[in-house]
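Below: the structure, in structure tokens.
All figures in this text were calculated on a predicted structure; none of them were measured in a lab. What's counted below: heavy atoms across the whole structure, side chains too, no hydrogens, waters or symmetry copies.
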Amino acid sequence: MEILSLLASSQDIIQIGVEGIDSVKLNWIGNLIKWLFDAMGGIYGAVALGAICFTLILKTIVLPLDIYSRVKTKKQALIMEDMKPQMEKLKKQYANDQQMYNQKYQELQKANGYSPFAACLPMIVSLVIFMIVFASFSTYSNYAVLESYNNLVVEYNKSVAVYMTDDENEANPQHFLLVVDGGLMDPDSDESLMSGTRQYRILYDNFQSYYITQNGADPFEGMASEYDKNEVVVEFVQENAQQAVADAYSDNTKSSKFLWIKNMWYPDSMLNREVPNFSKFSSSITRASSAIPANYEESYDEVTAKLTTQKSNYNGYFVLIVLAIGIMFLQQFIMMRTQKTTNELSTVDDSGKRQSKWMMIIMPIIYAFFSFFYSAAFSLYMITNVTYTLVSTLIINKVVAVRFAKRKDQILAKSRSKRSRKR
């Protein structure tokens, strides 16, 4: 954007306005996420509420897979417990031969009808769903950041459009920007307002009359140069457009606020600001825009010029990051406890047990990485996802344990029957 451009010295044509940034089309999952967030109606905290609702809906859809996985896992755990004495005997017998232990271990599993992969398919399906949602959610986060900015561009250009006219003899003093290129902007069309750059000539008498009415002073007093007069007009239009953006900002962004977080589309971190600088803004919309126009930083700074407080506000205080680490650590701890026997006996040198402990460290670090570099909305998605999984797992395990307590002897008898037949 060029705020003041003298394109023809004889006519003193100026250029005012800001071009929006084109966004890419969302896929069907992105559009589904968008529909859900839009359905919240732009209320305060709508993004946080949308992230929670989206996660609950998604987890409920895949709940049958979780139930199937838990039932299979419990059944395999009962067989594993029954095999424990034999496995401990093998572990002592082949303490110095991991290869032979693995061979005998697999033979024992097969003889008892134990399959370590029985519950894997649902887990793989859940992982694939997570990765697909991760990519779509990340893209939509970028899209939402860009959409929020373009809404501010619309407000900026809407303010400029108030002063436009295509009639050189316009009598209304408020209309002092005579359009010479691009046509009038339609104040009811976001598409028209997004392409807000126009070329104008200034109707000086109209502006002078309008300014005096508004401020009680002559804006051109002591000025002979039309260039200086143009600067006065441009500064006036700029100032009002920037203020229009500042006035509209709170209403446009209330849905992305949540408790201590100023903008859910950026990380809950003191290293991020509610309104970032251009560098962070441009990096945050890489998935949502095919290309940012060259030298666009001037336009961005122009639109956000009066959002000085928002540019200094911390976006968050690492709360969701800490919660994501804590909830994932708890999940890994519970998983390690429920798979204690398998971890202890899967390897002769206890490496399986050590690997389980390493996972309890590595997974929270991975979640910390996601929370630190991705949006707070995505952090909330992950926290809700793990919390749902933990609660549903505890409930499912309890129900399955009660049902399997009655069938334990039957399951183990079936397993022993398979073993005796294979002998």
Side-chain angles (χ1 to χ4, degrees), residues 21 23 26 29-59 130 133-152 245 248-277 280-289 304 307 309-328 367-388:
I21 302 175
S23 60
L26 297 170
I29 299 177
N31 281 314
L32 183 62
I33 295 172
K34 182 179 185 302
W35 174 84
L36 182 60
F37 283 123
D38 289 347
M40 300 298 171
I43 61 174
Y44 175 85
V47 173
L49 183 60
I52 293 171
C53 289
F54 175 75
T55 311
L56 294 178
I57 292 170
L58 183 64
K59 289 297 293 181
F130 175 83
V133 170
F134 168 77
S136 297
F137 209 112
S138 179
T139 299
Y140 182 75
S141 293
N142 286 193
Y143 176 88
V145 169
L146 180 55
E147 189 176 57
S148 295
Y149 170 74
N150 280 335
N151 286 338
L152 298 182
V245 169
Y249 177 82
S250 294
D251 286 338
N252 286 346
T253 60
K254 65 182 179 181
S255 63
S256 61
K257 298 181 184 298
F258 179 65
L259 300 179
W260 67 92
I261 302 173
K262 303 296 190 299
N263 190 338
M264 288 292 295
W265 298 120
Y266 289 105
D268 176 12
S269 164
M270 295 174 70
L271 301 179
N272 292 86
R273 298 294 186 266
E274 179 180 354
V275 174
N277 58 30
K280 286 203 170 185
F281 167 76
S282 59
S283 65
S284 70
I285 62 171
T286 52
R287 285 172 172 264
S289 176
T304 61
L307 302 178
T309 300
Q310 290 80 2
K311 288 181 178 180
S312 62
N313 286 342
Y314 295 135
N315 193 54
Y317 302 97
F318 306 105
V319 176
L320 290 183
I321 296 175
V322 173
L323 283 175
I325 295 172
I327 196 71
M328 177 48 68
Y367 265 53
F369 174 84
F370 283 142
S371 297
F372 198 83
F373 289 102
Y374 289 87
S375 67
F378 187 72
S379 296
L380 192 57
Y381 161 77
M382 291 192 299
I383 291 168
T384 307
N385 181 71
V386 177
T387 302
Y388 187 106

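Considering every non-hydrogen atom in both Tyr44 and Leu259, the closest pair reads OH-N, 3.0 Å. When all heavy atoms of Asn313 and Lys262 are compared, the pair lying nearest together is ND2-CE, 4.3 Å. For Arg287 against Ser138, the heavy-atom pair with the smallest separation is NE-OG, 3.3 Å. Shown here for Thr309 and Ser312, the closest heavy-atom pair between the two residues is O-OG, 2.8 Å. Residues Leu146 and Ser289 share a closest heavy-atom pair of CD2-CB, 4.0 Å. Considering all non-hydrogen atoms of both residues, Asn385 and Lys59 come closest at OD1-CD, 2.9 Å.
With a 4.5 Å cut-off on side-chain heavy atoms, Ile261 and Tyr266 do not count as touching. Residues Val245 and Thr304 have side chains not in contact (no heavy-atom distance under 4.5 Å, counting atoms from C-beta outward). Between Phe54 and Val133 there is a side-chain heavy-atom pair separated by less than 4.5 Å.
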Side chain to side chain contact (heavy atoms under 4.5 Å, CB included) between Met328 and Phe370, intermediate numbers included: CA-CA 12 Å; Met328 177 48 68; Phe370 283 142; over 6 Å; no

Chi angles and distances behind the side chain to side chain contact (heavy atoms under 4.5 Å, CB included) call for Tyr388, Thr55: CA-CA 9 Å; Tyr388 187 106; Thr55 311; 5.8 Å; no

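Under a 3.5 Å cut-off, the side chain of Asn315 and the backbone N or O of Asp268 do not form any donor-acceptor pair.
Here the NZ-CG distance, from Lys257 to Asn263, works out to 7.0 Å after rounding to the nearest 0.5 Å. Distance CG/Asn150 to CD1/Ile285: 8.0 Å, rounded to 0.5 Å. Taken to the nearest 0.5 Å, the CZ atom of Phe318 stands 8.5 Å off from the CG atom of Asn272. Taking CZ from Phe378 and OG from Ser371, the interatomic distance works out to 8.0 Å, rounded to the nearest 0.5 Å. Distance CG/Leu320 to CZ/Phe258: 7.5 Å, rounded to 0.5 Å. A distance of 11.0 Å separates CD in Glu147 from CG in Leu152, rounded to the nearest 0.5 Å.
Ring geometry for Phe373 versus Phe369: interplanar angle of 30 to 60°, hence tilted.
Side-chain atoms of Ser141 and Ser375 form a donor-acceptor pair, as typed in the model, at a separation below 3.5 Å.
Aromatic ring centroids of Tyr140 and Phe37 lie under 6.0 Å apart.
In Tyr314, the OH atom is not crowded: 12 or fewer heavy atoms of neighbouring residues, nucleotides or ligands sit closer than 6.0 Å.
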